[in-house]
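Encoded as structure tokens, the structure appears first; notes follow it.
Whatever order the structure lists them in is the order used to number ligands and atoms, beginning at 1. Atoms considered below: every heavy atom in the structure, side chains included; atoms not considered: hydrogens, waters and symmetry mates.
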Amino acid sequence: MKFSLYLGKYSGIKVFIHWTFSLLILWIIIANTRSGTPILDTGWTILFVILIFLCVILHEFGHALTAQKYGIQTRDIILLPIGGLARLEKLPEDPKEELKVALAGPLVNLVLFLLLSVILFFTGFDFNLLEAPKLNGSSIWLFLASANFFLAVFNLLPAFPMDGGRVLRALLSFKMPRVKATEIAGGTGQIMAILFVFFGLFNNPLLVLIGIFIFLGAQAEVNQTKQHSFLEGFIVGDALMSKFPVLAYNSPLQKAVDKLLDGQATHFVVVKEDSPVGILSREGIVQGLQDQSAQISIEKVTDINPLKLEITLPLEEALKKMAAENKKVALVYEAQHFIGILDQENISEFIMVKNAITR
Ligand SMILES: [Zn+2]
């Protein structure tokens with residue numbers, strides 16, 4: 001994780017804290033100094049924030065360890081000023097599992113709330129402190145108990161992709177297809193997000209950030225779920241392009257320029273004695289013209305490490321690989337024989353067509 005400080009790991013899950021977290025602490029210090037708050041009180045506030053974030057880590061472990069029970073690993077847990085994020089390798093698709101994984105986080109906060117309440121009760125806490133609540137050594141545990149209660153409730157709001165939104169999606173998924181459930185939960189989440197932003201503008205800037213985060217997150221996840229459902233059951237062969245423009249490796253770059261201007265193609269398969277040796281992209285052609293000349297051989301600007309895919313590979317896996325390696329086009333093979341190419345744009349068309357048919 002870039003720009004993050006590694007804190008440690010448990011059960012194979014690493015915990016990081018994002019650098020922007022230091023801005024939060026800095027903001028507390030500046031705000032308190034400007035309002036003339038004594039240093040000791042600022043110290044208590046910072047300690048309180050750190051304790052809350054420890055509770056947030058425990059909350060995220062609630063999700064991560066429950067997911068682990070269903071065989072889903074967590075890449076890492078990252079702490080941001082607006083909260084924690086357990087980055088699961090994938091999301092549970094079974095609504096029952098999703099429900100449990102989503103509830104596990106807020107449940108941790110609820111347990112912490114009860115635990116702290118019981119401790120406060122039996123250690124003879126002076127409840128008169130509640131009349132004029134002020135954060136200090138004797139009240140900090142009471143504040144922490146309340147914060148955990150608040151965290152549980154806040155996270156359970158149906159603001160997809162927050163926990164409550166996931167609970168809503170899971171519950172809806174028992175009754176309808178997952179895509180439909182995601183669309184409804186996503187829409188609800190975006191309405192909640194707008195309310196957060198609106199409310200936050202007048203009360204709390206952090207809430208504005210959270211609102212924006214939720215709004216974009218909901219959109220991204222609805223799209224992702226849709227794409228996933230469209231691609232499910234399809235393999236590379238289904239979106240294969242068997243017609244594609246070809247260039248000989250030893251032709252001059254001018255030849256590629258002519259072909260580029262002559263048609264719609266943006267990627268060319270470069271061949272040597274009838275077998276493909278690489279992919280030449282529009283960017284590669286332009287780069288070659290800029291750096292050298294139209295007379296150099298095509299081979300010099302060709303990507304000679306193209307992504308190679310088996311025809312039977314699930315289409316979704318293929319898209320992930322292409323995204324991970326930042327390739328727009330891949331060569332497709334069937335039992336070692338080159339049979340065509342897979343083009344990201346073509347996959348988008350494929351999804352659009354499938355979408356039109358199902359509607
Ligand atoms: Zn959570």
Side-chain angles (χ1 to χ4, degrees), residues 1 4 7 9-11 13-18 20-21 24 49-70 72-116 144-173 181-182 185-186 188-190 192-193 195-196 206-207 209-218 220-222 224-225:
M1 198 69 215
S4 299
L7 293 182
K9 71 173 172 180
Y10 176 75
S11 193
I13 303 160
K14 290 182 177 169
V15 182
F16 293 91
I17 187 161
H18 198 255
T20 46
F21 197 83
L24 178 69
V49 168
I50 291 170
L51 286 174
I52 287 181
F53 274 84
L54 279 177
C55 296
V56 171
I57 294 179
L58 294 177
H59 169 116
E60 296 306 329
F61 267 107
H63 294 305
L65 295 178
T66 312
Q68 237 173 27
K69 258 181 39 187
Y70 301 118
I72 297 169
Q73 293 307 318
T74 298
R75 241 174 288 153
D76 50 34
I77 289 173
I78 173 125
L79 284 179
L80 300 158
I82 55 168
L85 193 67
R87 299 200 303 163
L88 272 58
E89 270 178 345
K90 60 177 183 135
L91 293 168
E93 282 186 34
D94 174 30
K96 232 187 272 168
E97 290 180 8
E98 172 163 53
L99 191 63
K100 285 184 192 163
V101 171
L103 284 174
L107 199 64
V108 168
N109 295 116
L110 217 54
V111 168
L112 284 169
F113 164 70
L114 291 174
L115 221 62
L116 285 164
L144 199 62
S146 328
N148 272 290
F149 184 74
F150 171 78
L151 277 175
V153 173
F154 183 72
N155 276 290
L156 283 174
L157 292 174
F160 188 82
M162 268 179 26
D163 299 337
R166 292 196 187 285
V167 170
L168 176 65
R169 197 247 305 258
L171 291 175
L172 291 171
S173 298
T182 310
T188 315
Q190 290 194 315
M192 295 289 297
L195 291 177
F196 283 176
L206 220 52
L207 203 54
L209 270 182
I210 293 174
I212 294 170
F213 193 71
I214 290 170
F215 193 91
L216 298 176
E221 214 170 309
V222 169
Q224 209 183 329
T225 311

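Between H63 and H59, the ring planes lie perpendicular to each other; the angle is over 60°, past the 30° to 60° tilted range.
Separation of atoms CG (L99) and CG (D163) is listed at 11.0 Å; rounding is to 0.5 Å. One distance of note links CZ of F61 with CD of Q68; it measures 9.0 Å at 0.5 Å rounding. Separating the CG atom in L157 from the CZ atom in F196 is a distance of 5.0 Å, to the nearest 0.5 Å.
Listed by chain and number, the protein atoms of type N/O/S under 2.8 Å from the Zn ion (ligand 1) are H59 NE2, H63 NE2, D163 OD1, D163 OD2; waters are omitted.
Open room surrounds OH on Y10; 12 or fewer heavy atoms of other groups in view lie less than 6.0 Å from it.
Between K14 and D76 there is no salt bridge, since none of the side-chain N atoms of the basic residue sits less than 4.0 Å from a carboxylate O of the acidic one.
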